[in-house]
Amino acid sequence: MRRAIVLGASMAGLMAARVLSDHADEVLVIERDTSEESSKPRPGVPQGSQVHALLPSGHAQLDRWFPGFTAEAIAAGAMNPEPETIRNYVNGVLRPLPPRDSLGKSLVSTRPFLESLVRRRTLAIGNIRLIHGRADGIDFTGDRVSAVRYQPTDGPLTTEGADLVVDATGRSSRLSDWLGAAGRPQPTMRRMPIKLNYASALFKQDPKISDIGISIAQNHPGSGQPPRQGGVLAVEGDRWLVLVAGYADDRPTRDLEDFRKRCREDFPPAFGQIADHGELIGDVVTYHQADSRRRDYDQLERIPAGLIVAGDAVASFNPVYGQGMTSATLHASCLSAYLRSGPSLDEPARAYFDEVRVVVDAAWQVSTFADLELPHVDGPYPRGYRLVKWISGLVFQAAAGDPRVNVQFNRVTTMLDHPSALARPQTLLRALRWKLLASTP
Ligand SMILES: Cc1cc2nc3c(=O)[nH]c(=O)nc-3n(C[C@H](O)[C@H](O)[C@H](O)COP(=O)(O)OP(=O)(O)OC[C@H]3O[C@@H](n4cnc5c(N)ncnc54)[C@H](O)[C@@H]3O)c2cc1C
C-alpha cells in the first residue's frame, strides 16, 4: 500500500506503525500530545505515573518486532530481577513462583521509560513519520475509509488520504462517534463498572531497606469488603515504584501518611519499610478508572474497508491484571498476520477483527471473571460463568501446591496461553487430584 495513517503514538499506535512499515511505502503517525520523547509521564497518557507491568507475552512481542529490545532496555536501565527477589502474596501468604524458563524473562521499568524505547525504535524506521496534531475525523469514499482529518499543532485543518487508517487513540477513542456522524453502524460498547482507585509513589532504592525486585500483594479483608492490591517494582534509576489500590469507596489519597499507613497495614512488611524509611521522590499520584470496556467492532454487520482499531480503543481492562500494553502488542501481531495474508484493502478487514476478538475475549475473560467476585460488581454475568469460575477457582488453589498446574495458571495470567488451557484434561485432572489429596487428612 502507498500510505497508512496511524492515530495515536502510544503503545498500540507505535506497534501498529512498526508492523505497517513492512507493508506501506509511507506510515504517518498522528499524535496530539506534543511532549518530546522522554522517559517522563506525558499528558496524553495520564496513567503513565502508575505502576505498569509488562507481561512476558508482551515482552516476547517487543523482542520480535525490535530485535535486541531487551538488551537495549536493560542497558538503558530497565530491571531484569532475579527470581529470588520476586514475590507474590495473597493475604500475606507467599505463593510459589513457576520456574523462570516457563514464563520467559521479566522486564521491569516505568511506563514512560518503556514507551520511550518503543517510540525511539519505531521512529528510527525510515518510512515512519510522526506528525503532531489532533485527529478530528475520517472521510469515506464509498464503503471505505479514504482519508483522515486532523488539526496540526502549527497549521490549518488538514485532510490526508490513506489506504489504511488505524485508530489507536486509547479508551476515549471517538471513532464510534465519527462512524455515527457519517451514518455508519457503530459498535456496541460493553462495560463492567470496576471503580478502581490507584495511588503510586516513587522511592529511592536502598539495599539496607529491602532487596525487592517485584512484589505483588492482594489483601482480601472478607465480609463483603473489596480487596486491596499493592505492588512494588524496582525500576530504572535505582527507584522503587510503589502502588496501593482499592475499589469503589476505598480510595487511596495523595496524602503521604495515608499511603504509608496502607503500605504498613495492608501488605507484607517490605511495603511498610519502603514507604516509612525510603526517600520519597516527587509526590503520591492517584488515578481512577471507572470501568473495563470493550467495543465489539467484529460484530458490526458492515465495517468500512481500510479501517483498523487497536489497543485500548478496542478494549481496556482492569489494570491490576497488567494486560493493556501486552494486548496492544498482540493486536499488532494480528495486524501483521492479516497483512501477510495479502488481503484486498477494498474489503473490510474482517480477518483482523476476528483475530483481535480472540485476544480481547481471552483478556476480558481473565479480568472480568475475576472482577465479578468484587462485592460492588454485579454483572454483566456471561454465559458459562459458573463453570469457568469453578474451573479457575480450582486451578488457582491447586497452583499453590502443584508445580505443573502453577506453570499453566501463570502462563494464562501472563497471556502466554489462552484461558481455555486451564480446562485441558491434563491440567484439570492434576488440579482435581491435588484437591483430593489436600482434603485428605
Ligand atoms: C492506572 C493504570 C495502570 C495500568 N497498568 C498497566 C500495567 O501494569 N500493564 C499494562 O500492560 N497495562 C497497564 N495499563 C493499561 C495501559 O496503560 C494501556 O492499555 C495502554 O496504554 C494502551 O495503549 P494505547 O496505545 O491503546 O492507548 P493510550 O496509551 O491511551 O494512548 C492513546 C494515544 O492516543 C493519543 N490520542 C488520543 N486522542 C487523539 C487524537 N484525537 N488525535 C491524535 N492523538 C490522540 C494520546 O495522546 C495517546 O498518545 C494501565 C492502565 C491504567 C489506567
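The figures that follow rest on heavy atoms only: side chains count, while hydrogens, waters and symmetry mates do not. Counting starts at 1 for both ligands and their atoms, in listed order. Here the structure is a predicted model, which is why all the values come from computation and not from measurement.
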Could you check whether any heavy atom of [X] sits closer than 4.0 Å to an atom of ligand 1, since that is the contact criterion I want to use?
X	value
S173	no
A328	no
A53	yes
R111	yes
E115	no

If I apply the N/O under 3.5 Å rule, does [X] come out as touching ligand 1?
X	value
Y287	no
D312	yes
V45	no
M325	yes
H52	yes
Q47	yes
G322	yes
R42	yes
L7	no

Checklist line | Mode of R32 contact toward ligand 1 - side chain, backbone, both, neither (heavy atoms, under 4.0 Å) | finding: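 The answer is both, backbone and side chain.
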Note to self: Using the salt bridge (charged side-chain N to carboxylate O under 4.0 Å, His left out) definition, which of the options R121, R120, R42 pairs with E115?
What the structure shows: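 Checked R121, R120, R42 against E115; only one passes salt bridge (charged side-chain N to carboxylate O under 4.0 Å, His left out): R42.
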Next item on the list: Any chance you could measure D371, atom CG, to N318, atom CG, to the nearest 0.5 Å?
Entry: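 So the CG of D371 and the CG of N318 are separated by 4.5 Å.
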Notebook entry, point to check: With sequence neighbours left out, what residues match F203 under ring-ring contact (aromatic ring centres under 6.0 Å, His included)?
Noted result: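 If we apply the ring-ring contact (aromatic ring centres under 6.0 Å, His included) test to F203, skipping adjacent residues, there are no hits.
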Side-chain ion pair, [X] and [Y], N-O less than 4.0 Å:
X	Y	value
R262	E265	no
E160	R149	no
R295	D312	no

Notebook entry, point to check: So which of K261, Q229, R228 actually passes side-chain hydrogen bond (donor to acceptor under 3.5 Å, both in side chains) with D266?
Noted result: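 So, applying the side-chain hydrogen bond (donor to acceptor under 3.5 Å, both in side chains) to D266 and each of K261, Q229, R228, only R228 qualifies.
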Notebook entry, point to check: Should we count CD of E36 as having more than 12 external heavy atoms under 6.0 Å?
Noted result: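 Open: at most 12 neighbouring heavy atoms sit under 6.0 Å from CD of E36.
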Return the option from [options] holding the heavy atom at the smallest distance from [atom].
atom	options	result
atom 2 (C) of ligand 1	P319, A9, S316	P319
atom 23 (O) of ligand 1	S10, A199, G311	S10
atom 30 (O) of ligand 1	A315, A310, G13, G170	G170

Checklist line | Which of the ligand 1 atoms, numbered from 1, are nearer than 4.0 Å to a heavy atom of A12 | finding: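 Heavy-atom distances to A12 below 4.0 Å select 24 (P), 25 (O), 26 (O).
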Check: What is the closest protein heavy atom to atom 47 (O) of ligand 1, and at what distance does it sit?
Finding: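 Minimum-distance protein heavy atom for atom 47 (O) of ligand 1 reads E31 OE2, 2.6 Å.
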Note to self: Starting from atom 1 (C) of ligand 1, what is the nearest protein heavy atom, named by residue and atom, and what distance separates them?
What the structure shows: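 Answer, as residue, atom name and distance: Y198 CD2, 3.6 Å.
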Check: F267 vs F271 aromatic rings, parallel, tilted or perpendicular, using cut-offs 30° and 60°?
Finding: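 Because their plane-to-plane angle lies in the 30° to 60° range, the rings of F267 and F271 count as tilted.
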Margin query: If you apply the rule side chain to side chain donor-acceptor pair (under 3.5 Å), what do you find for T70 with D63, and how did you get there?
Written below: CA-CA 7 Å; T70 301; D63 267 342; 2.5 Å; yes
